[in-house]
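Computed from a predicted structure; not experimentally measured.
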Amino acid sequence: MTQIATSLRMPESLAARLGTIARTEGIPMSEFVREAIEKQIAERLSDEGFRERLKKRIDEDREVWRELGVED
């Protein structure tokens, strides 16, 4: 699996809490953040309201692609 490095800015107090929790769990902060992001994605994808908004966004983007001649 290809991994992409990214930076994340957060308030110092949030970083301190994150560090404390990650150290307590014995995992790197990056692993804790990845797990939290995966959980948020899974929650969104199981939410019907989000899925409807996502479909609308995809349909709107597809229309722009058609106008640009990228998709028929």
Side-chain angles (χ1 to χ4, degrees):
M1 167 179 34
T2 302
Q3 293 193 4
I4 298 172
T6 187
S7 61
L8 176 65
R9 296 184 188 281
M10 67 181 78
E12 189 175 323
S13 61
L14 179 59
R17 289 182 284 161
L18 170 61
T20 297
I21 292 170
R23 286 190 307 277
T24 301
E25 292 298 321
I27 60 174
M29 287 175 52
S30 59
E31 183 176 339
F32 186 89
V33 171
R34 280 192 299 273
E35 289 175 3
I37 291 169
E38 286 287 347
K39 182 180 177 184
Q40 284 295 314
I41 290 171
E43 287 178 12
R44 294 295 192 293
L45 293 177
S46 67
D47 177 85
E48 190 59 37
F50 173 81
R51 294 177 66 83
E52 289 172 12
R53 293 188 305 277
L54 178 59
K55 182 181 182 325
K56 181 180 177 187
R57 171 64 55 205
I58 291 169
D59 291 344
E60 290 171 356
D61 288 348
R62 190 169 286 130
E63 182 60 32
V64 172
W65 296 340
R66 282 189 199 106
E67 291 173 7
L68 293 171
V70 177
E71 182 179 288
D72 295 322

Expected output: side-chain Arg51 to main-chain Ser46 donor-acceptor under 3.5 Å
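Answer holds: no.
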
Compile the donor-acceptor pairs under 3.5 Å between side chains in residues 57-65 and protein atoms, sequence neighbours left out, one pair per line.
from, atom 1, to, atom 2, distance (Å)
Arg57, NH1, Glu60, OE1, 3.2
Asp59, OD2, Lys55, NZ, 2.9
Arg62, NE, Glu71, OE2, 3.2
Glu63, OE1, Arg66, NH1, 3.3

Could I get the full list of salt bridge (Lys or Arg N to Asp or Glu O under 4.0 Å) partners for [X], not counting sequence neighbours?
X	result
Lys39	none
Glu25	none
Arg34	none
Arg9	none

Applying side chain to side chain contact (heavy atoms under 4.5 Å, CB included), name anything that partners [X], two or more places apart in sequence or on another chain.
X	answer
Glu12	none
Ser13	Pro11, Arg17
Thr20	Arg23, Thr24
Met29	Leu18, Ala22

Are there over 12 heavy-atom neighbours, none belonging to Glu38, within less than 6.0 Å of that residue's CD?
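It does not: Glu38 CD has 12 such atoms or fewer within range.
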
List the residues meeting side-chain hydrogen bond (donor to acceptor under 3.5 Å, both in side chains) with Gln40, not counting sequence neighbours, and say none if there are none.
Arg44

